Amino acid sequence: GAVVSQHPSWVICKSGTSVKIECRSLDFQATTMFWYRQFPKQSLMLMATSNEGSKATYEQGVEKDKFLINHASLTLSTLTVTSAHPEDSSFYICSAPGMSAVKTQYFGPGTRLTVL
Amino acid sequence: EDKVVQSPLSLVVHEGDTVTLNCSYEVTNFRSLLWYKQEKKAPTFLFMLTSSGIEKKSGRLSSILDKKELFSILNITATQTGDSAIYLCQIQGAQKLVFGQGTRLTINP
């Protein structure tokens, strides 16, 4: 089946630094990818829709200057958390819809960000 | 290896029927199990389960967790065509998140 990978799996950084998270569709192309964040014991929260060849669409309340999204190719989207602070510590998860008409979402394994 | 297996993969029933969706898991340091309904782009949160044997209920939907046998079920009674969706099970471990492959539910009128 379709696979979505994320890199890194886990990152620890100092407050004020920027962190880049990659999301790759390994055996299919994705013109759209979705980025979520999830705090422990809470639901997924959609942050933005990443669109290949155009600007990302952000959900209400998500700062686009803080969470930079670049859909560099049909298999890669990146999320950069700029000037990270401890409150940004969370799981960040991406997903990509499959190519079938049914539009199954394939989820990456998540990236755990810890900001000290 | 951590994994989440949902069954069945696909289910087609008639409106008014009751369905039971299954999620079994193996995960290190289990924290919680979540059920979502996936229709369009973002999954819609349904339930979060952390304790065994306590049923969570919302309208026609209910869910329960068995931490001894490592599974959860999602029940939908008196199904409606609007229940047609993919239902996702997610496990939160101490270090990892794992999604099941989803159950595609189709409700025919």
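Residue numbers start from 1 in every chain, and the chains themselves are labelled A, B, ... in the order their sequence lines are given, proteins ahead of strands. Keep in mind that this is a model prediction, so the values were computed, not measured.
- W35(A) and S50(A) share no donor-acceptor pair across their side chains, judged by distance under 3.5 Å alone.
- Using modelled atom types and a 3.5 Å distance limit, the side chains of E52(A) and T31(A) yield no donor-acceptor pair.
- Between chain B and the options R112(A), M45(A), Q38(A), the largest number of non-hydrogen pairs under 4.5 Å is found for Q38(A).
- Ion pairing between a basic and an acidic side chain is recognised when a charged N comes within 4.0 Å of a carboxylate O; E22(A) and K20(A) show no such pairing.
- If you measure heavy-atom distances from F45(B) to chain A, the contacts under 4.5 Å come from both the backbone and the side chain.
- Proximity to chain A (any heavy atom under 4.5 Å) is restricted, for L34(B), to the side chain, taken from C-beta onward.
- When only modelled atom types and interatomic distance are considered, N75(B) and T20(B) share a side-chain donor-acceptor pair under 3.5 Å.
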